[in-house]
Amino acid sequence: QVQLVESGGGLVQAGGSLSLSCAASGRTVSIYRMGWFRQAPGKEREFVAAINWSGSVTYYTDSVKGRFTISRDNAKNTVYLQMNSLKAEDTAVYSCAARTYYGGSGASHHEYPYWGQGTQVTVSS
């Protein structure tokens, strides 16, 4: 199994920046892909970004392209999400997820069996 712990959430002003981290532990050698999802009150959980654990393949939802950047540090078993030009619409609980099997499209929450507890990101306007 894989355990995930997010950190870095908080309150920021619109237009500001915030960086999230997700540290993995346990059977980390089996990780194939890690991603970020978010869920706002009254809304469905949505895909934000993902990155494969080897190679250079990344995935982003259209609403964050050019503003968010996902990166990884395999030696530290950590994935990051750098968020710039934040908007009030970005307010949500952000969760980190991991997949250990080959394949998948990258954007579906159903393909990630391991999840962190989530971290709150609030953007004030």
Side-chain angles (χ1 to χ4, degrees):
Q1 61 180 357
V2 176
Q3 295 81 45
L4 306 174
V5 179
E6 303 98 333
S7 62
L11 174 65
V12 298
Q13 298 291 322
S17 299
L18 197 64
S19 181
L20 305 181
S21 299
C22 176
S25 61
R27 196 165 52 85
T28 57
V29 68
S30 298
I31 295 176
Y32 175 75
R33 177 182 298 131
M34 294 185 70
W36 289 95
F37 291 78
R38 66 186 181 186
Q39 186 167 29
K43 298 182 179 180
E44 65 181 4
R45 180 163 52 188
E46 64 176 343
F47 167 76
V48 178
I51 186 169
N52 285 358
W53 220 235
S54 63
S56 59
V57 179
T58 57
Y59 312 82
Y60 294 96
T61 190
D62 288 343
S63 64
V64 307
K65 288 182 178 178
R67 299 190 299 122
F68 292 9
T69 302
I70 188 170
S71 61
R72 68 175 189 269
D73 186 335
N74 297 55
K76 299 176 65 175
N77 299 128
T78 300
V79 64
Y80 307 92
L81 185 67
Q82 178 64 46
M83 304 182 291
N84 299 323
S85 301
L86 284 163
K87 307 173 181 179
E89 299 79 64
D90 295 317
T91 296
V93 173
Y94 285 70
S95 298
C96 178
R99 175 183 175 87
T100 59
Y101 299 101
Y102 169 83
S105 66
S108 174
H109 70 271
H110 295 291
E111 71 185 77
Y112 297 91
Y114 304 104
W115 294 82
Q117 79 289 344
T119 185
Q120 177 70 48
V121 172
T122 302
V123 184
S124 61
S125 59

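Identified under the salt bridge (Lys or Arg N to Asp or Glu O under 4.0 Å) test for residues 49-65, with sequence neighbours left out: D62-K65. Among pairs with a residue in residues 55-78, none fulfils ring-ring contact (aromatic ring centres under 6.0 Å, His included), at least two apart in sequence or across chains. Listed by first and then second residue, the side chain to side chain donor-acceptor pair (under 3.5 Å) pairs involving residues 42-51 are R38-E46 (not counting sequence neighbours).
Every residue two or more places apart in sequence or in another chain that forms a side chain to side chain donor-acceptor pair (under 3.5 Å) with Q120 is listed here: T122. With sequence neighbours left out, the salt bridge (charged side-chain N to carboxylate O under 4.0 Å, His left out) criterion links E111 to R33. With sequence neighbours left out, the salt bridge (charged side-chain N to carboxylate O under 4.0 Å, His left out) criterion links R67 to D90. For S7, the side chain to side chain contact (heavy atoms under 4.5 Å, CB included) partners two or more places apart in sequence, or in a different chain, are S21. Taking the side chain to side chain contact (heavy atoms under 4.5 Å, CB included) definition, one finds that E89 meets it with K87, sequence neighbours left out. Applying the side chain to side chain contact (heavy atoms under 4.5 Å, CB included) test to S124 and every residue at least two apart in sequence or in another chain returns L11, Q13. Residues satisfying the ring-ring contact (aromatic ring centres under 6.0 Å, His included) test with Y112, not counting sequence neighbours, are F37.
Closest of all the heavy-atom pairs between A98 and P113 is O-CD, 3.2 Å. Residue R99 comes nearest to G104 through the heavy atom pair NH2-N, 3.9 Å, listed as atom of the first residue, atom of the second, then distance. S95 and G118 get closest at one heavy-atom pair: OG-CA, 3.7 Å. Across S125 and A14, no two heavy atoms sit closer than the pair CA-CB, 4.3 Å. Across A24 and V2, no two heavy atoms sit closer than the pair CB-CG1, 4.2 Å. What you find for L4 and C22 is that their closest heavy atoms are CB-SG, 3.9 Å.
Atom CD of Q117 has more than 12 neighbouring heavy atoms from other residues, nucleotides or ligands inside a 6.0 Å radius.
Under the 4.5 Å side-chain contact rule for hydrophobic residues, F47 and I70 do not share a cluster. Note: the hydrophobic cluster containing Y114 also contains V48 (ILVMFWY, side chain heavy atoms under 4.5 Å, direct or indirect links). L20 and V12 fall within a single hydrophobic cluster, where Ile, Leu, Val, Met, Phe, Trp and Tyr side chains are chained together by heavy-atom contacts under 4.5 Å.
Formation of a donor-acceptor pair under 3.5 Å by the T91 side chain with backbone atoms of A88 is found in this model.
The closest side-chain heavy-atom distance from C96 to W36 is below 4.5 Å.
By the 4.5 Å side-chain criterion applied to Ile, Leu, Val, Met, Phe, Trp and Tyr, Y32 is assigned to a cluster that also includes Y102.
Between atom CZ of residue R72 and atom OG of residue S54 there is a gap of 7.0 Å, rounded to the nearest 0.5 Å.
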Could you list the donor-acceptor pairs under 3.5 angstrom formed by side chains in residues 76-83, with sequence neighbours left out?
residue, atom, partner, partner atom, Å
N77, ND2, N74, O, 3.2
T78, OG1, K76, O, 2.9
Q82, NE2, N84, OD1, 3.0

